[in-house]
Asks: 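Please read through the structure below; I'll follow up with questions.
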2 protein chains.
Amino acid sequence: MSVTIYDVAKKANVSMATVSRVINGNTNVKPTTRKKVLAAIEELGFRPNAVARGLASRKTTSVGVIIPDISNMFFAELARGIEDIASMYKYHIILSSSDQNLNKELDLFDNMLEKQVDGVIFMGGSISENHVKAFESSNIPVVLAATVDDSQKIPSVNIDYYTAVYDAVSQLIEQNHQTIGYVPNNSGSSIEASKVQGYQDALKENNLEINESFIFEGDDTYQSGINAANYFLGLEQKPTVIMAASDEMALGVIHGAQDQGFNIPEDLSVVGFDNTRLAVMVRPELTTVVQPMYDIGAVSMRLLTKLLKNEAVDEHQVILPHRIIKRSSTKE
Amino acid sequence: MSVTIYDVAKKANVSMATVSRVINGNTNVKPTTRKKVLAAIEELGFRPNAVARGLASRKTTSVGVIIPDISNMFFAELARGIEDIASMYKYHIILSSSDQNLNKELDLFDNMLEKQVDGVIFMGGSISENHVKAFESSNIPVVLAATVDDSQKIPSVNIDYYTAVYDAVSQLIEQNHQTIGYVPNNSGSSIEASKVQGYQDALKENNLEINESFIFEGDDTYQSGINAANYFLGLEQKPTVIMAASDEMALGVIHGAQDQGFNIPEDLSVVGFDNTRLAVMVRPELTTVVQPMYDIGAVSMRLLTKLLKNEAVDEHQVILPHRIIKRSSTKE
DNA sequence: ATGAAAGCGCTAACAT
DNA sequence: ATGTTAGCGCTTTCAT
């Protein structure tokens, strides 16, 4: 059997309460008795039982993280940001992948409630009313990371996706591109909808025609980028630049085009989105929209800690800055 | 306050024990009373408190996962394998990144013990005696994933790293390569030592000279691959092929060489290790040694579940098969 | 098949 | 500054 707070109390000749006080850093303990207790703890090799503590205090110092797919670079970097801040604030992370499946997401959330997590960080494609209902009725804080809830009811951390794409496309137009292909992902998320809107509005405001054939939907994989390249390059009127909704798809576009003998950026420019590490692991290096994944994760977790401690937070819907980084996959 | 097993018992006119039995699937319950209890649970929206259960039963159905860096593709895929099997067996995962730091690894392990995890999966560079001591004295099963313990005391799942490199290099030699550069990582792990040994033994047994200048250490990053290319290509006598200890470094080698105007594989062949998704996201596509990361994670977790349930396991040191996949970055 | 009761290891009033 | 005493919500003998 493992050693408990009671054993320590006996050995140090004090009460359980006093032991509890010293392990919790309560100041109301005489230095000498603190010393005594610490010595007993050391000697016995006592290690507090977090489960018992959780039951008694109704706080587990653990937070749930629901993520679509941890093996996806984008989310993995986000997760790292979450984790670093969590460990800084002494929170543990219970991690689960949801595969963007609505029921699985809800189930996972429920499981986390059973585990009595103090809060959760949620990443996912779409936030339905069911999500909002589940989150709101849970009595624990939830923050959305790189995930938007159109109802604005749940705290979240994002960039301004609409403007990000709008800016990127506008810049392309300034660089004399008139025919611009876009490869959205098929997540059906409102984030992607905003991005498409940004694309279309940028065209419109520059008096360029919105051509339905200049949109080819991908599924966020490299292969779907290749497919997109094949599609666009087979068009009668080819675009002079293709923008993809993620770097991975953009790499697919680059290689798909190169495989057909096109030169990037001479024959075709390519723009990505996210600025994952992939962006520089390709030739030519990828011009892309910077989405600060690590920061989104870190800020989300920081926001959650504030919510957990009932600290004042001025803005529940935080928007982090984005920017465009020009590399060599685009020609002016 | 949330609804407890006691509330359910009252509502269903049974004792707490009976409620406990039905939520735990105990067969010793009359169908009709089971129905009654289930109805009460439904009506009250009862959700069992896993923390209380953990305290009472001394089982938390959660396992700790210690990983060097979740934002590294290699580990992320491993993690996914672990997670899928864990969720299949209803285990939760507590995830922490260690950055390969010995003290942090030990601290994390300790924290997980405090959390009363039922077992842990450990990934890391080196297993010191301190690790072994900590694992063995913990009274919970630990399995090493893609991590070797030279003492063979801790259960583990790996491939045969020595043979993997030995085979790859031998094959290169058969293809008439005589000058073979190798880019190990600087982890100081015994895995990397085995790989270097495999490299050297393959040369030796084919009567090729072991040239110290044909080894250039990297740090597992893309950039260090570029550095390696610069180094090797600056040599008086250049190798005809460079093998890197990871795909990411191999991509760096390819691009570093291409940036200098070398053609792959005409002027230089390149081979990687791992077969991460990166291997096909480059031109030419990368010849590499396949290390089944997802499987290693999945098998590790499966092994852990067996250990947890005291099922018989015939082999505590499992070695998964590796193979070499030839793509276009190597010339025969 | 069901119930009663004693913990699991700790925290948190409340006393002193 | 320290001790006493209830719980926290559940599992688990042990009876019946």
Side-chain angles (χ1 to χ4, degrees), chain A residues 1-38 40-41 44-62 90 111-118 139-140, chain B residues 1-38 40-41 44-62 90 111-118 139-140:
Chain A
M1 209 68 308
S2 57
V3 12
T4 75
I5 204 177
Y6 179 73
D7 303 321
V8 175
K10 216 162 46 175
K11 171 135 234 152
N13 260 97
V14 296
S15 70
M16 289 168 53
T18 299
V19 178
S20 175
R21 286 187 186 101
V22 350
I23 63 185
N24 289 301
N26 188 314
T27 47
N28 276 9
V29 180
K30 211 191 331 183
T32 57
T33 69
R34 154 165 287 120
K35 225 122 269 170
K36 236 181 4 183
V37 172
L38 256 14
I41 287 178
L44 264 31
F46 167 74
R47 181 186 291 121
N49 180 325
V51 172
R53 181 188 302 212
L55 182 58
S57 69
R58 299 146 158 294
K59 297 241 152 302
T60 55
T61 60
S62 62
K90 309 286 185 202
N111 289 335
M112 295 192 165
L113 292 182
E114 286 191 10
K115 283 275 181 190
Q116 314 298 120
V117 296
D118 294 341
N139 288 319
I140 61 170
Chain B
M1 210 69 304
S2 57
V3 12
T4 73
I5 204 178
Y6 178 72
D7 303 321
V8 176
K10 219 163 43 174
K11 172 133 232 153
N13 261 99
V14 296
S15 70
M16 290 167 52
T18 300
V19 178
S20 176
R21 285 187 187 101
V22 351
I23 63 186
N24 289 303
N26 188 314
T27 46
N28 277 9
V29 180
K30 209 191 332 180
T32 57
T33 69
R34 153 164 288 120
K35 226 122 268 172
K36 233 178 9 179
V37 171
L38 255 15
I41 288 178
L44 264 30
F46 168 74
R47 180 186 292 124
N49 180 325
V51 171
R53 178 187 303 209
L55 182 57
S57 68
R58 299 146 158 297
K59 297 241 151 303
T60 55
T61 60
S62 62
K90 309 286 185 200
N111 289 335
M112 295 192 164
L113 292 182
E114 287 191 9
K115 284 275 181 189
Q116 313 299 118
V117 296
D118 294 340
N139 288 319
I140 61 171

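So that the names make sense, note that chain A is the first sequence line, chain B the second, and so on, each numbered from 1.
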Asks: So, taking the atom named CG in N111(A) and the one named CZ in R47(B), what distance separates them when rounded to the nearest 0.5 Å?
Replies: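 Output value for this atom pair is 9.5 Å.
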
Asks: In a table with atom names and distances, give each donor-acceptor pair under 3.5 Å that connects a side chain of residues 28-36 of chain B to protein atoms at least two apart or in another chain.
Replies:
{"residue": "T33(B)", "atom": "OG1", "partner": "K30(B)", "partner atom": "O", "Å": "2.9"}
{"residue": "R34(B)", "atom": "NH2", "partner": "N26(B)", "partner atom": "O", "Å": "2.9"}

Asks: Measure OH/Y6(B) against P/dG3(C) and give the value in whole Å, please.
Replies: 13 Å

Asks: Using whole Å, report how far CD1 of I23(A) lies from P of dG9(C).
Replies: 13 Å

Asks: Applying salt bridge (charged side-chain N to carboxylate O under 4.0 Å, His left out), can you list everything that pairs with K11(A), at least two apart in sequence or on another chain?
Replies: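 Only E43(A) meet the salt bridge (charged side-chain N to carboxylate O under 4.0 Å, His left out) criterion with K11(A).
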
Asks: Distance check, rounded to the nearest 0.5 Å: D7(A) atom CG versus I41(A) atom CD1?
Replies: 11.5 Å

Asks: Please name all residues satisfying side-chain contact (heavy atoms from CB on, under 4.5 Å) with A52(A), sequence neighbours left out, ordered by chain then number.
Replies: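 Partners of A52(A) by the side-chain contact (heavy atoms from CB on, under 4.5 Å) criterion, ordered by chain and then number, come out as N49(A), L55(B).
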
Asks: Nearest nucleotide by nearest heavy atom, which residue falls closer to the 5' end of DNA chain C, N24(A) or R34(B)?
Replies: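 Its nearest nucleotide being more 5', the pick is R34(B).
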
Asks: Can you tell me how far P of dG9(D) sits from CG of L113(A), to the nearest Å?
Replies: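 Roughly 15 Å, once rounded to whole Å.
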
Asks: Calculate the interatomic distance between I41(A) atom CD1 and dC10(C) atom P; express it in whole Å.
Replies: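 Going from CD1 in I41(A) over to P in dC10(C) covers 10 Å.
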
Asks: Just N and O in the side chain of R58(B): are any of them under 4.0 Å from OP1 or OP2 of dG7(C)?
Replies: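 No, R58(B) has no side-chain N/O under 4.0 Å of OP1/OP2 on dG7(C).
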
Asks: Drop me the distance from I140(B)'s CD1 to Q116(B)'s CD, to the nearest 0.5 angstrom.
Replies: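 Going from CD1 on I140(B) over to CD on Q116(B), the span is 9.0 Å.
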
Asks: Measure from NZ on K59(B) to C1' on dG9(C) and round the result to the nearest Å.
Replies: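 Going from K59(B) (NZ) to dG9(C) (C1'), I get 16 Å.
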
Asks: Between atom CG in N28(B) and atom P in dA15(D), what is the gap in whole Å?
Replies: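 Answer to the nearest Å: 18 Å.
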
Asks: For the atom pair CG (N13(B)) and OG1 (T18(B)), what is the distance rounded to the nearest 0.5 Å?
Replies: 11.0 Å

Asks: Of all of residues 44-57 of chain A, which get a heavy atom below 4.0 angstrom from DNA chain D, listed by number?
Replies: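 Per residue number, the list reads L55(A), A56(A).
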
Asks: Rounded to the Å, how far apart are I5(B) CD1 and dC8(C) P?
Replies: 18 Å

Asks: May I have the step-by-step check of side-chain contact (heavy atoms from CB on, under 4.5 Å) for T4(A) and K10(A), ending in yes or no?
Replies: CA-CA 10 Å; T4(A) 75; K10(A) 216 162 46 175; over 6 Å; no

Asks: Quick one: which protein N/O atoms are closer than 3.5 Å to N/O atoms of nucleotides 3-5 of chain D? Pair and distance per line, please.
Replies:
{"residue": "dG3(D)", "atom": "OP2", "partner": "S15(A)", "partner atom": "N", "Å": "2.8"}
{"residue": "dG3(D)", "atom": "OP2", "partner": "S15(A)", "partner atom": "OG", "Å": "3.2"}
{"residue": "dG3(D)", "atom": "OP2", "partner": "T18(A)", "partner atom": "OG1", "Å": "2.8"}
{"residue": "dG3(D)", "atom": "N7", "partner": "R21(A)", "partner atom": "NH1", "Å": "3.4"}
{"residue": "dG3(D)", "atom": "O6", "partner": "R21(A)", "partner atom": "NH2", "Å": "2.5"}

Asks: Once side-chain contact (heavy atoms from CB on, under 4.5 Å) is applied, do any residues pair with K59(A), and if so which ones, sequence neighbours excluded?
Replies: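 With neighbours one apart ignored, the set is S57(A), D118(A).
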
Asks: Would you mind reading off the distance between K35(B) atom NZ and dA1(C) atom P, rounded to a whole angstrom?
Replies: 14 Å

Asks: If we fit an axis to the first five pairs and another to the last five of the helix from dA1(C)-dT16(D) to dT16(C)-dA1(D), what angle do they make, to the nearest 10°?
Replies: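 Roughly 30° between the end axes, to the nearest 10°.
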
Asks: Do any side-chain nitrogens or oxygens of T4(B) fall under 4.0 Å of OP1 or OP2 in dC8(D)?
Replies: no

Asks: For V3(B) and L44(B), which heavy atoms make the closest approach, and how far apart are they?
Replies: CG1-O, 3.5 Å

Asks: Checking N24(A) now: which residues fulfil side-chain contact (heavy atoms from CB on, under 4.5 Å) with it, not counting sequence neighbours?
Replies: S20(A), R53(A)

